[in-house]
Amino acid sequence: MGPVPDAASSARPFVPRDPETFYKAQKRNRRATWRMSFLCLIATLLMGIPLTLVLTPLFYAGTMVVAEIVNYFSPLPPEFWQNVNALGQLAVKVGDYVINQKGTLDPQSLAFGLALILLPGIVIAFVLWIGVLTLFRRGGVGGTLMSLNAREPNRNDLKELQLVNVIEEMAIAAGLLPPKVMLIDSPGANAAAVGTSPADARLVVSRRLLDDLNRDQLEGLLGQLIGSIGNGDLRVAFMVTSVFETCGLLVTLINSPFGRESRGVLWRILRYGFSRSSSQAAHAAEAEAVASLLSRSLEMGQGDIDRFFDAAEKSKSFWRKFLTFIFFPILFTNLAIELTLWFFLNVLLGPCMALVWRTRRYLADASAVQLTRNPDGLATALQRLSQDNTAIPGSVWASHLFVMNPKGDSSMSKGQQPTADQKQRMLLAWESTRPGGTAQGTLRPPGTPPSEADFARGMAEFRQTQLAAMRGDAQAISRLMAVGKAMGAFTGDIPNPADVIAAQRGDQAAIARLRARHEEKPHLQTTGLQAQSMLSFHPPLKRRLKRLDRMGAHVEMATRKMSLGATLVMVVLWLIIGPLLLIAGGAMLVAIAMIIMLNLMFLGLWLMLIHGIFWWLAHR
Amino acid sequence: MDNNIFIAGVIAAFILVTVLLIWSYNRLVRLRNRVRNAWSDVDVQLKRRHDLIPGLVETVRGYMTHERQTLEAVTSARAQAMTAGAPIAARVVAETALSGAVGNLFAVAERYPTLKAASNFTLLQEQLNSTENCIAFARQFYNESVMQYNTAIATFPRNLIAGAMGFSRAAMFAAEAGDRPNVAVKVTN
């Protein structure tokens, strides 16, 4: 009953180095989640202050302009203008008090003044966030995965039947309803849990994963995914992405008067929000399209406003120039917001969210051990997958939902010799591409395991083929490509070796082809959620295996101790770079503050100008 | 003035205690319901195994014409498990015997390569294997729920009220070693 450990693993007496039961690991990870969430809250508050300082004047400027227009047509009572005056003076007094420490203020007016300054921005941001949450609640993140060649598992195929059964077993162990599963036929081996809650959770698994793993490893991996569903990680992921999307929505809104692209995005959002009748998959795909559009607007220098104010544009009509002059302060507002968001997201909020997500991942690993009572399953599955290609097309926006990093994880393989299993696989792949009928030394009879001499011969052959390929031999090139395909690399990933060689010699056309190739490979680029954080959302494999080892997995960890000299060099480098980074961060903050001040100044000037115009119009 | 504060404090304490009582009661009820649900889940998986076995026997009968005894052992073990009744101990014994009989059948089937190659046999074997795992995991979840529930009613301060409110310990699903019957693996030539 249940998984049986094989004889080899029970042969040596097993003593975990630093044992920890999965209950303790789970408790530790849950506490870590609270700590990291607290950090996130602080980061959001820190980010909020410059944002409100930029949004609030914009809001007030807008209201003042509307008031002026209304005043022109039907004069507003003088108390209105007196109130406005008094509020303005109060704001100035509070500003003086806080920044310059001048003057005295009683606590009541201080509170009122601060509310006046900070509240509109906070309210706007909050309303946008709630809007984003309601908008995306149905679709969730990772929607395109479901519509991209996803199919139901075929119960007449043993592996796919095993998949369905394992999911049901893990769901029973976790006390959940079994989530629906969709299979993707892609060369990458990976799996993800998508959805917004345990009720509408779905698993996306690639067929290659089933071929790579045995039943125990599949159980461990799916236990990790189902455990993360049960722990509410889908909700956490949803919250994390919603924060980023709110920032994107803010930028899009500000950009919208200035360009067609932002207006198009807004229109698409409205259409998506009010559409009711589309199928689940199409709905989710549209959700993800909108999400990625919003995230693209967070990139600096790409928005409509920047194009609008682009001084290098030659062909600007007089009307455009007039509008540029009128809306000049908005340029500074936009610049301030973009700079603030870029800095705080990438340096502060992004890494905090990545840390929160990492603790949820560790928690899911511990839950997998709790569900299967077999840490070896998950550990060996992770090790096996790390040697494989894990890229899934269409996975960019949802890359944090996957079990393994779709871009690959090299934390294990730094400086390690390939394992015997890896070597065998490489040799078998190499021999499978041997052109039939060529006498290349004594071939082994099929079915016998390869020996050291075979490895040596294979290596020599490989080097010869590499040299031939560099000289331009077409047969050698095609053989190298075939080996790559046999090892499981996505054929879209491998550039044509002929192109590579030609590019090395300086062939411009080849270089252009290679660059175009790179740009159209979305799953190798850093976009989407991962782009907003300097820290990776995926915990490094080495650390995951270390924690699994403490829970009882039989994992061979190569301990790499750095030499004393290397450690000293690293310490010195950090001592030099650390203060430099701090200075750079401080300079950035000063720049943001200055731009906010400039924004205020220009908005003030602009308001005075508008006021003057209306006064002149009224008193002509 | 002092009197008023005293009365307000007493009322506040009273409200607090009532809220805590309600909260504890609800939590214990939730945990107990989870235990009951988990037990019925184990039941469902056991019954599922009962339903799969006739199909297995029919699939195998055509190939293993000389293994009548093994097949009969499976069928009779199944009949016994289905009529084992409510008490947990008797059911555990009967179901464990059924597991042994089915395992015996698969061990014997290893010697029939034509049977092993039949695709519906491998699928059926996978289904039965999975059902065994489901039973194991359902038991595991049941035992975890029982552990949570027993811990909740035994720890302070809930143990003060648990007895009064009618919550009693639940029994774990554990097969006692001595109850396992001798399953003789008969290998017929």
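In what follows, chains carry the letters A, B, and so on, assigned in the order in which the sequence lines appear, proteins first and then strands, with residues in each chain numbered from 1. Owing to the predicted nature of the structure, the values given are computational and were not obtained by experimental measurement.
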Scan the side chains in residues 149-158 of chain B for donor-acceptor partners under 3.5 Å anywhere in the protein, sequence neighbours excluded, and list what turns up.
from, atom 1, to, atom 2, distance (Å)
B:Tyr149, OH, B:Ser168, O, 3.1
B:Asn150, OD1, B:Ala170, N, 3.1
B:Asn150, ND2, B:Ala170, O, 3.3
B:Thr151, OG1, B:Met147, O, 2.5
B:Thr155, OG1, B:Thr151, O, 3.1
B:Thr155, OG1, B:Ala152, O, 3.4

What's the shortest heavy-atom distance between B:Phe137 and A:Ile172, and which atoms?
-> C-CG2, 4.1 Å

Check: B:Gln140 side chain, A:Gln370 main-chain N or O, donor-acceptor pair, under 3.5 Å | yes

Check the surroundings of atom CZ in A:Phe38: do more than 12 heavy atoms from other residues, nucleotides or ligands lie under 6.0 Å from it?
-> no

So, the part of A:Ala171 with a heavy atom under 4.5 Å from chain B: the answer is neither

Applying side-chain contact (heavy atoms from CB on, under 4.5 Å) to B:Leu123 and not counting sequence neighbours gives A:Asn156, A:Leu158, A:Leu161

Chain A neighbours within residues 14-44 of chain B, where any heavy atom lies under 4.5 Å away | none

Any side chain to side chain donor-acceptor pair (under 3.5 Å) pairs touching residues 159-182 of chain A, not counting sequence neighbours?
-> A:Arg151-A:Glu160, A:Glu160-A:Arg207, A:Gln162-B:Glu126, A:Asn165-B:Glu126, A:Asn165-B:Gln127, A:Glu168-B:Arg48, A:Glu169-A:Arg215, A:Glu169-B:Ser130, A:Glu169-B:Asn133

Name the region of A:Arg373, side chain, backbone, both or neither, that has any atom closer than 4.5 Å to a heavy atom of chain B.
-> side chain

